[in-house]
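For reference, the structure discussed in these notes is given below.
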Amino acid sequence: MTALSHRISTARALRRCTMVGQDIVVEGPLHVHNLGRISIGDGVLLRSTPVTSHLVTGPRGDLRIGHRTQIGHGASIASHHSIRIGEDVRIGAFVTLIDTDFHAADDHAADGATGMIEIGDGARLGPRVTVLHGSVIGAGAIIEAGSVVKGQVAAGARLRGNLARRVVPDDLHFGDVALGAAAVPGVVAYTFGLPLPPAAGTHRDDIAQWDSLGTLNLLLSLEQTFGVTLAEDSIATARTVADLMEIVRKALAVSA
């Protein structure tokens, strides 16, 4: 394909977009269905081969793709509310971004929940990642392949799983049981993306990320770090970091 024919093909693929930047590359037969607003920045790469990618907005949808972002083939991005993808983001093949449930679970005639999706500059989403409505992925965060994201992801964090949880760094895999429960605040900090480990007396209400989903992520992180099995209801009833430390202390005593 000549440079001219490539420009014509790209212009044709993006003709239904609201605003289109310079030097955009479209590879393959991109499908665009725009009833709202789609804005694409400069230098964006949209792969749509060997599997077609889809960009879709509803009547109130607003999809914005920042400069130099790359999106892999087979991607499905649907906005009925707002999806904002930052600059220099890398999105793998078969990734799904969807900011709506489309309809209520108990009434298909009723509108479903919606919530803005925001992906920060320089974030990396691996192949087959799904990002659900109301999610904010911080700048430079890495979401590993096949993960499902719902909620807040701290800048620079690395997550994996369904639902995705923070990957605990190797230096928090304490093999020495003597460190014991004293290491729990560090795990809490890494799980919730806090700048510093919280004090033992810190209440769960003081940590915004410590909601029901955060509790599950915390349970998995603690089990991963200490090599113990914890009861979900015990973690759910913990009110402070000190409570978590006591739960871990007892689990370590049983496994010793």
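Along the sequence shown, the residues carry numbers beginning at 1.
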Distance from [X] atom [atom1] to [Y] atom [atom2], nearest 0.5 Å?
{"X": "Arg64", "Y": "Ile38", "atom1": "CZ", "atom2": "CD1", "value": "12.5 Å"}
{"X": "His80", "Y": "Leu35", "atom1": "NE2", "atom2": "CG", "value": "8.0 Å"}
{"X": "Leu194", "Y": "Asp206", "atom1": "CG", "atom2": "CG", "value": "11.0 Å"}
{"X": "Leu55", "Y": "Leu63", "atom1": "CG", "atom2": "CG", "value": "6.0 Å"}
{"X": "Ser234", "Y": "Leu219", "atom1": "OG", "atom2": "CG", "value": "7.5 Å"}
{"X": "Met19", "Y": "Ile65", "atom1": "CE", "atom2": "CD1", "value": "13.5 Å"}

Looking at side-chain heavy atoms only, is the closest gap between [X] and [Y] below 4.5 Å?
{"X": "Ser135", "Y": "Glu118", "result": "no"}
{"X": "Ile98", "Y": "Val131", "result": "no"}
{"X": "Leu244", "Y": "Leu218", "result": "yes"}
{"X": "Ile77", "Y": "Val56", "result": "no"}
{"X": "Ile119", "Y": "Leu97", "result": "yes"}
{"X": "Val136", "Y": "Val153", "result": "no"}
{"X": "Val44", "Y": "Val25", "result": "no"}
{"X": "Pro127", "Y": "Val95", "result": "no"}

Checklist entry - Can you name the residues that form a side chain to side chain donor-acceptor pair (under 3.5 Å) with Thr69, not counting sequence neighbours? => result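 Testing Thr69 for side chain to side chain donor-acceptor pair (under 3.5 Å), a comparison that skips the adjacent residues, returns none.
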
Within the side chain of [X], is there an N or O that forms a donor-acceptor pair under 3.5 Å with the backbone of [Y]?
{"X": "Arg204", "Y": "Ala238", "result": "yes"}
{"X": "Thr130", "Y": "Thr96", "result": "no"}
{"X": "Thr202", "Y": "Pro198", "result": "no"}
{"X": "Lys150", "Y": "His133", "result": "yes"}
{"X": "Asp88", "Y": "Asp121", "result": "no"}
{"X": "Thr49", "Y": "Gly28", "result": "no"}
{"X": "Ser53", "Y": "Gly74", "result": "yes"}
{"X": "Ser221", "Y": "Asn217", "result": "yes"}
{"X": "Arg124", "Y": "Gly122", "result": "yes"}
{"X": "Glu223", "Y": "Leu230", "result": "yes"}

Checklist entry - Does any pair with a residue in residues 35-58 pass salt bridge (charged side-chain N to carboxylate O under 4.0 Å, His left out), and if so which ones, sequence neighbours excluded? => result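 The answer is Glu27-Arg47.
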
Can you hop from [X] to [Y] via hydrophobic side chains spaced under 4.5 Å?
{"X": "Leu125", "Y": "Ile142", "result": "no"}
{"X": "Trp210", "Y": "Ile235", "result": "yes"}
{"X": "Leu159", "Y": "Ile117", "result": "yes"}
{"X": "Met116", "Y": "Ile83", "result": "no"}

Checklist entry - Once the angle between the rings of His31 and His54 is folded into 0 to 90°, is it parallel (under 30°), tilted (30 to 60°) or perpendicular (over 60°)? => result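 Tilted.
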
Next on the checklist: One pair to check against side chain to side chain contact (heavy atoms under 4.5 Å, CB included): Leu30 and Thr52. What are the steps and the verdict?
Outcome noted: CA-CA 6 Å; Leu30 179 70; Thr52 301; 5.9 Å; no

For [X] and [Y], work out which heavy atoms get closest and say how close.
{"X": "Ile207", "Y": "Phe192", "result": "CG2-CD1, 3.7 Å"}
{"X": "Thr10", "Y": "Ile24", "result": "CG2-O, 3.7 Å"}
{"X": "Ala13", "Y": "Val26", "result": "CB-CG1, 4.1 Å"}
{"X": "Pro197", "Y": "Gly186", "result": "CB-N, 4.0 Å"}

Checklist entry - Could you go step by step and tell me if Leu213 and Thr215 meet the side chain to side chain contact (heavy atoms under 4.5 Å, CB included) rule? => result CA-CA 5 Å; Leu213 177 58; Thr215 297; over 6 Å; no

Checklist entry - For Leu46 and Leu14, what are the C-alpha separation, side-chain angles and deciding distance, and is it a side chain to side chain contact (heavy atoms under 4.5 Å, CB included)? => result CA-CA 10 Å; Leu46 297 163; Leu14 301 177; 4.1 Å; yes

Next on the checklist: Salt bridge or not between Glu87 and Arg68? Use side-chain N to carboxylate O under 4.0 Å.
Outcome noted: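 Answer for the salt bridge query: yes.
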
Checklist entry - Passes side chain to side chain contact (heavy atoms under 4.5 Å, CB included), Ser147 versus Arg160? Steps please. => result CA-CA 5 Å; Ser147 298; Arg160 75 163 69 103; 3.9 Å; yes

Checklist entry - Is the closest side-chain donor-acceptor distance between Asp99 and Ser79 under 3.5 Å? => result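 There is such a pair between these side chains.
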
Checklist entry - Is there a donor in the side chain of Asp62 and an acceptor in the side chain of Ser82, or the other way round, less than 3.5 Å apart? => result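 Absent: no donor and acceptor within the cut-off.
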
